[in-house]
2 protein chains.
Amino acid sequence: MSVSVDNFLKNVYLLNQETGSPVTSSHLAGRLEISVAAVTDMARKLGAQGLLDYRPYKALTLMPAGKEVALKIVRKHRLWELFLYEVLKMDLMSVHEEAEKLEHHTSDDLMEHINRFLGHPDFDPHGDPIPGIGGRIPSEKGVVLLREIGEEEACIVAKLRYRNAETSEMYDRFGLKKGIRLKVVRMFPFDGSIEVEFPGGREVVLSEKLAQNIFCIKQ
Amino acid sequence: MSVSVDNFLKNVYLLNQETGSPVTSSHLAGRLEISVAAVTDMARKLGAQGLLDYRPYKALTLMPAGKEVALKIVRKHRLWELFLYEVLKMDLMSVHEEAEKLEHHTSDDLMEHINRFLGHPDFDPHGDPIPGIGGRIPSEKGVVLLREIGEEEACIVAKLRYRNAETSEMYDRFGLKKGIRLKVVRMFPFDGSIEVEFPGGREVVLSEKLAQNIFCIKQ
DNA sequence: TTTTTAGTTTAAGGTTGCTTAAAATCGCTT
DNA sequence: AAGCGATTTTAAGCAACCTTAAACTAAAAA
Ligand SMILES: [Mn+2]
Ligand SMILES: [Mn+2]
Ligand SMILES: [Mn+2]
Ligand SMILES: [Mn+2]
C-alpha cells in the first residue's frame, strides 16, 4: 500500500460521502491534483487488485477490500488530527496538513496506542466521525447542515468541514468553533446566504458556499 | 528532500560517528540495504547539490549543508523515540522502527510541539543524545564502552546502542536497561567477553559483540 | 439520426530510485 | 613493475507514478 494508493482509495470514499454522488475520474483527478490520465492508470491497477470496481467510462466505486483500506486511512487521519490538537496543542488550522502525511506512515499498533491515550474518541476536532477498527462509523444523528435550521431557531455547531487552509482561516476569523451556539436570524433565498447571531449578540452573514460546510444540531 | 536522501545523509553521519572511520560506498550500501551502484548514483547527485563531498573512489563525507540535514533527521528520530516510549508507552523494542518512518514526515513545527511536550529532553530512550535545533549535541562526558570499566568496578548503564530487533531482544532478555547498575566481575581477553553482575547478584557473561553496544558511566 | 462536446482512455515520454552485470580503478603483494 | 583482488563506476534496464497530447466514447444537442 503506497501513499498514492492510500490517497486514491481514501478520496474515492470521502468524495462519495461528501457529494453523495458517483465519483468520476475527472472529479477525483481534481481532488488529488493529478491528471485524469493518471487516475485512469491507477484505477485500472486497483481494479485488477480487487480494491476498486473499475469499468471503462463508468464511475469509480470501492470494492469491500478497498473500502476497508479507505476507512483505515480515514481513521488514522482523524485520530492524528485529534491527537495533534488535543495533546500537542497544535493550531487547528495545521493539524490537517500534518495528519495528511502521518496517516500513511503509522502502524496499526502505534495508532492503537494513540487511540488508547485519547480514550477511544468518536469524533475528530472538526466534528468528523472516527471509523472504528471494524469499520463502524459513530452515528451523527441530529447533525444537519446549517441551512436546515429554521429562522429564529438556535443550534450547536457540531462539525466544520475542512476544505482547505482558507476555509479554516475563515472559521477562525468568524469565531466559528465546534460546540458554540448559533441562532439563525435570517435566510436570504436570493443568494443562499444565512445571517446568524453569535453568543454575545454579534450578527454575521455567512455566504452559501461557506455555510455548506457548517453542520449543527437543533436546539 | 526525499526519504532516500534523508536516509542516505543520516546514515553517512551515524556510520561515521559509530565507527570513527571514513564511510565507504560499500559500507553505506550494506547499512542502507541497497546496491553499491545505487550508492554511487545518489552520492554523485548529492555531491552536485553541495550536500556531500563526493570524489570518485574516495570516502564519503558530509558537507556542512548535508550535516545539517543529517542532524535534523537524527533529532526527529530520537525525539520521536522518546515520545513513543515515554508518552505513548510503546515497547522499547518497536519505537525505533516507528521513528524510522515518522522522522521523514514530521514538520519542524510538529517536532517542536513534541519537544516542548517532552520538556526539551537531551537523550533518547536508548541513551543517545538528541541534537539541538542549532546542531549542538548534548555532552556525553563520562560515557564509555563497558570494556573500559576495570574488573571489580561498578558502573551505571547510560546507553544501549540500537542495532536491530535482535539486539533489543537480547537487552530485554538479560534485563539490560538504561540506568541500571552493573559490576564488572571479569574480562576474558581470549574472546573479549565480559562477565557482569546485575543488581541482586545475578552474574552473566556478555559476548564481545554485544558488549560493544553497551556504554556506561564509571561509579 | 447525425453532430457536437465533455469526459475518458491510450500512447509516448520523463523522473526517481532501485537492480544486475560489465568495465574501470585503486592499492597491495609479489 | 606487474599482477591481483577488492572496490567502485558505468551501463542498461525496470517499476511506480506522474505528465501532455492524441484518439476514442458516450450521451446530449441539433
Ligand atoms: Mn483533515
Ligand atoms: Mn478532520
Ligand atoms: Mn533508533
Ligand atoms: Mn535511539
Side-chain angles (χ1 to χ4, degrees), chain A residues 1-12 15-16 18-63 65-66 69-70 73 100-101 103-105, chain B residues 1-16 19 21-63 65-66 69-70 73 100-101 103-105:
Chain A
M1 262 347 70
S2 68
V3 171
S4 297
V5 170
D6 282 358
N7 282 332
F8 189 103
L9 296 172
K10 182 183 77 161
N11 283 288
V12 171
L15 215 39
N16 178 248
E18 289 168 20
T19 65
S21 49
V23 176
T24 67
S25 296
S26 49
H27 205 173
L28 186 58
R31 172 95 164 204
L32 294 172
E33 304 188 66
I34 60 178
S35 68
V36 181
V39 168
T40 299
D41 255 21
M42 182 66 90
R44 205 201 342 271
K45 198 185 81 177
L46 298 181
Q49 292 176 220
L51 295 166
L52 192 74
D53 183 6
Y54 172 69
R55 294 151 192 235
Y57 296 102
K58 293 278 182 61
L60 306 169
T61 56
L62 294 175
M63 307 244 21
V69 173
I73 302 294
E100 206 58 48
K101 292 181 288 171
E103 63 189 2
H104 311 291
H105 307 282
Chain B
M1 251 7 50
S2 67
V3 171
S4 297
V5 169
D6 282 357
N7 282 332
F8 189 103
L9 296 172
K10 183 183 78 163
N11 283 289
V12 171
Y13 174 80
L14 290 177
L15 215 40
N16 178 249
T19 65
S21 47
V23 176
T24 67
S25 296
S26 49
H27 206 172
L28 186 58
R31 174 95 161 203
L32 295 173
E33 301 188 274
I34 60 177
S35 69
V36 181
V39 168
T40 298
D41 256 20
M42 182 66 89
R44 204 199 345 269
K45 198 184 81 178
L46 298 181
Q49 294 179 22
L51 295 165
L52 192 74
D53 183 7
Y54 172 68
R55 296 151 191 235
Y57 298 102
K58 294 279 182 60
L60 306 170
T61 56
L62 294 176
M63 309 255 350
V69 174
I73 302 293
E100 204 60 47
K101 292 181 289 171
E103 63 189 2
H104 310 292
H105 306 281

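These values consider heavy atoms only, across backbone and side chains, with no hydrogens, waters or symmetry-generated copies. Each chain gets a letter, A, B and so on, in the order its sequence line appears, and its residues count up from 1.
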Rounded to the nearest angstrom, tell me the gap between atom [atom1] in [X] and atom [atom2] in [N].
| X | N | atom1 | atom2 | value |
| --- | --- | --- | --- | --- |
| Met42(A) | dC17(D) | CE | P | 5 Å |
| Glu33(A) | dT20(D) | CD | P | 13 Å |
| Asp6(B) | dG17(C) | CG | C1' | 14 Å |
| Asn7(A) | dC17(D) | CG | C1' | 13 Å |
| Asp41(A) | dT9(C) | CG | C1' | 9 Å |
| Leu32(A) | dC17(D) | CG | P | 13 Å |

Q. Excluding sequence neighbours, so at least two apart, what forms ring pair (Phe, Tyr, Trp, His ring centres under 6.0 Å) with His105(A)?
A. His105(B)

Q. Using a cut-off of less than 4.0 Å, is there contact between a side-chain N or O of Ser35(A) and OP1 or OP2 of dT20(D)?
A. no

Q. When you check the phosphate oxygens OP1 and OP2 of dC18(D), does a side-chain N or O of Ser4(A) lie under 4.0 Å from one of them?
A. yes

Distance-only donor-acceptor hits, side chain of residues 47-57 of chain A, under 3.5 Å, sequence neighbours excluded:
{"residue": "Asp53(A)", "atom": "OD1", "partner": "Arg55(A)", "partner atom": "NE", "Å": "3.2"}

List every contact pair, protein side and nucleotides 2-8 of chain D side both N or O, where the distance is under 3.5 Å.
{"residue": "dT8(D)", "atom": "OP2", "partner": "Ser26(B)", "partner atom": "N", "Å": "3.0"}
{"residue": "dT8(D)", "atom": "OP2", "partner": "Ser26(B)", "partner atom": "OG", "Å": "2.8"}
{"residue": "dT8(D)", "atom": "O3'", "partner": "Tyr57(B)", "partner atom": "N", "Å": "3.4"}

Q | Sub-4.5 Å side-chain heavy-atom contact between Lys10(A) and Glu103(A) | A | yes

Q: Please test Leu28(A) against Leu60(A) for side-chain contact (heavy atoms from CB on, under 4.5 Å), starting from the C-alpha separation and ending with a verdict.
A: CA-CA 9 Å; Leu28(A) 186 58; Leu60(A) 306 169; 3.8 Å; yes

Q.
For Ile34(A) and Val39(B), find the nucleotide of DNA chain D closest to each by heavy atoms; which residue's nucleotide sits nearer the 5' end?
A. Val39(B)

Q: Classify the side-chain pair Ser4(A)/Ser2(A) by whether it contains a donor and acceptor separated by less than 3.5 Å.
A: no

(Q) If you compare all heavy atoms of Ala70(A) against all heavy atoms of Leu9(A), which two are closest, and at what distance to 0.1 Å? (A) CB-O, 3.6 Å

Q) Is there a residue in residues 43-53 of chain B whose heavy atoms reach under 4.0 Å of DNA chain D, and which residues are they? A) Arg44(B)

**Q.** side-chain contact (heavy atoms from CB on, under 4.5 Å), paired with Leu46(A), selected from Val12(A), Val5(A), Val69(A)
**A.** Val5(A)

Q: Mind checking side-chain hydrogen bond (donor to acceptor under 3.5 Å, both in side chains) for Asn16(A) and listing every partner two or more places apart, or none if nothing turns up?
A: none

Would you list the atom pairs, donor with acceptor, under 3.5 Å between side chains in residues 31-44 of chain B and any protein atom, with sequence neighbours excluded?
{"residue": "Arg31(B)", "atom": "NE", "partner": "Asn11(B)", "partner atom": "OD1", "Å": "2.9"}
{"residue": "Arg31(B)", "atom": "NH1", "partner": "Glu18(B)", "partner atom": "OE1", "Å": "3.0"}
{"residue": "Arg31(B)", "atom": "NH2", "partner": "Glu18(B)", "partner atom": "OE2", "Å": "3.2"}
{"residue": "Ser35(B)", "atom": "OG", "partner": "Ala38(B)", "partner atom": "N", "Å": "3.1"}
{"residue": "Thr40(B)", "atom": "OG1", "partner": "Val36(B)", "partner atom": "O", "Å": "3.3"}

